[in-house]
2 protein chains.
Amino acid sequence: MTDDQAPPPKAAPSGGGPVTMATIGRLAGVSQVTVSRALSDPSKVSPATLAKIREAIAVTGFVPNALAGALASRRSRLITALVPSITNIVYAAMIKAFSERIRAHGYQILLSETGLDPADEEMLIETHLSRRPDAMLLTGIHHTPRARRMLLGAGIPVVEVWDITDSPIDLCVGFSHAEAGRAAADYAISAGYVRAGTVSADDERAARRKAAFVARFAPAAEAAIEAVDFDGPASLERGRRGLAELLDARGFAGGVIFCSSDLLAHGVLIEARARGLAVPADIAVIGFGDQDFAAHVEPALTTVRVDRPAFGQAAAEAILARFDGTGPQAPVTDLGFRIVARRSA
Amino acid sequence: MTDDQAPPPKAAPSGGGPVTMATIGRLAGVSQVTVSRALSDPSKVSPATLAKIREAIAVTGFVPNALAGALASRRSRLITALVPSITNIVYAAMIKAFSERIRAHGYQILLSETGLDPADEEMLIETHLSRRPDAMLLTGIHHTPRARRMLLGAGIPVVEVWDITDSPIDLCVGFSHAEAGRAAADYAISAGYVRAGTVSADDERAARRKAAFVARFAPAAEAAIEAVDFDGPASLERGRRGLAELLDARGFAGGVIFCSSDLLAHGVLIEARARGLAVPADIAVIGFGDQDFAAHVEPALTTVRVDRPAFGQAAAEAILARFDGTGPQAPVTDLGFRIVARRSA
DNA sequence: TTGTACGCGTTATCAA
DNA sequence: TTGATAACGCGTACAA
């Protein structure tokens, strides 16, 4: 046995510990560094040794330890993202586009849900930062002071998405929710409606859209604008209940209803139909989001279109540009929105 | 200046490099280990030094480096998860429950989309494994041989979710898709339907449900069972087109339609209504998933209920049990499903 | 209660 | 083209 020839200092002799670059090196008759090079830049290694290394890797099923790599190189190739909810299609679609774009460049995404509480977000930002991401995506522009400090201190690109502000932490990609609300009101007014109501889920940005809608519509309103606000997330059921509440408890006598999401709007449509009310003659409905079903419900939904994947893509581009040092790039990108007029209002 | 007293070996003297435990230690007049202890188990440090350490942390905004911690402790406190699609509510809801449960125990989730290709999944499994997760969640039971080897070699708990098999890689939480299809057929038969059609999205598991439905319904069928299969994901629009296709191109003369998801079923409902067809008299519809809107569409949708959050929770429990060494726990958990009879069929 | 010494598995820097 | 050697920032003995 040649066992005694093995250098005493390192590694287990047989199948003991985990397979490392050193293991591969021993199998291929080279040093650990050469294995590292073979993996990071094969052209710096001779074809012969490269072949031996590759075989050793195949035989052992070796998977490099990215933790150690990140520690040594000070680059984790990790980007973390925080969204209020993954089950909300709005954020899911955005993150999907973001991930695809970012992953094509060799980065992975660590995703967490923040819920509604800024304090929870602060805690999550800290744990995310502990993974030493190369960049971070945040939803919204409201963060605790400590969160801002930590983010600034991390010295990495940070994109705030889905809303807009003049003073972003770093980068910002979004649109003005207030303007969206006003645009919906303008549309409703010019369509001749003189009475309005709102149905909203629990969402700070939705609240701003609603407030802007109400403020803008008020001068044209012949009756008080009634608002139904739900505590939890949007659902078809809440949309139905929203209309029911407006009609049965608030004395809503018909007019246009501005909903905080297409899902709620769809619920309103269904309830109207179930009650034999004509849309848009008796009840007109404006949704928000232009989700893929919006054009295919009956009647097709008038809504505010926001290009969700575009937000994810723009956020990814902004981060990648930072990495490349490519151009100074404007810190804030306003992607806007568009009123899509269909038959429901 | 006492600058010369500083030990020459380590760290930058001022605001140079990143803040580490050593930095905090210097500020608090203790060693790096003490800082580590103060963070991991405060009771092992005297109140006085603890206070000094905490202050130093607050002042500097120090966030521990989890990468280094993981490398040293051989525990990453990371769990990675692979799902076919994040924008699909079925998987999103499952992951949400999984995350919440798992995060309560101090773990974070690294999530990726695999799409439909097993080869893509294999690549993703490798990159995920490179982060040295403490456990891994996979969707489905079909993986490439190399993927299985890597997973086995990693020596960590692995849960396969959303399907069931007798030979899981490690743990398995799901239900039988074939049985679900048969149960839907049995329901349709006993409800007296003698003609059937199917509308499906592109999903291997949906295909198995459909095949089982067809096989079971066939003996009772008075006409060929027509199938419309779409290439991409389910949508309301595809549901509408599915019924249109059945009616206009396949000579479907009415009967029950088994859809691969509630979303498609809802589309069928809308199209039927738009054509003035009565549901369930002319067209009966069975969905799949019992999503939250299913009970609130008109008419309410008969569907196959699968408790999505329960899958995530059970998967989390299975992994946590492995961590605790708690009980041997059955490797496979069948969570089943339930036919929910409503008005659409 | 606190500190020293070492190792975790990789990349970066030199030198050969 | 290849190899030593030293970080990277933290946990885990073990000792004081």
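Order of the sequence lines sets the chain letters (A, B, ...), proteins ahead of strands, with each chain counted from 1. The shown structure was predicted, so the numbers you read here are calculated from the model rather than taken from an experiment.
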Between A:S46 and A:T49, is any side-chain donor less than 3.5 angstrom from a side-chain acceptor? yes
Working to the nearest 0.5 Å, report the span between CG of B:L67 and CG of A:L78. 7.5 Å
Residue-phosphate contact under 4.0 Å: B:T34 side-chain N/O, C:dT2 OP1/OP2: no
Estimated bend of the helix from C:dT1-D:dA16 to C:dA16-D:dT1 (axis per five terminal pairs, rounded to 10 degrees): 30°
Do A:E121 and A:L138 come close enough that some side-chain heavy atom pair is under 4.5 Å? yes
Taking atom P of D:dT1 as reference, at what distance in whole Å does atom CG of A:D41 sit? 10 Å
Whole-Å distance separating the CG atom of B:L39 from the P atom of D:dG11: 8 Å
Under 4.0 angstrom between A:T49 side-chain N/O and D:dT1 OP1 or OP2: no
Please answer whether the main-chain N or O of B:A147 pairs with a side-chain N or O of B:T144 as donor and acceptor at a distance below 3.5 Å. yes
A:R146 and A:E126 ion-paired at < 4.0 Å: yes
Report yes if the distance between the aromatic ring centroids of A:F98 and A:Y107 is under 6.0 Å, otherwise no. no
Do B:E160 and B:H143 have a side chain donor and acceptor closer than 3.5 Å? yes
Under a plain distance cut-off of 3.5 Å, with no hydrogens placed, do B:Q108 and B:R103 share a side-chain donor-acceptor pair? no
In B/S/- notation, 5' to 3', how is nucleotides 8-13 of chain C contacted by protein heavy atoms closer than 4.0 Å? BBBBB-
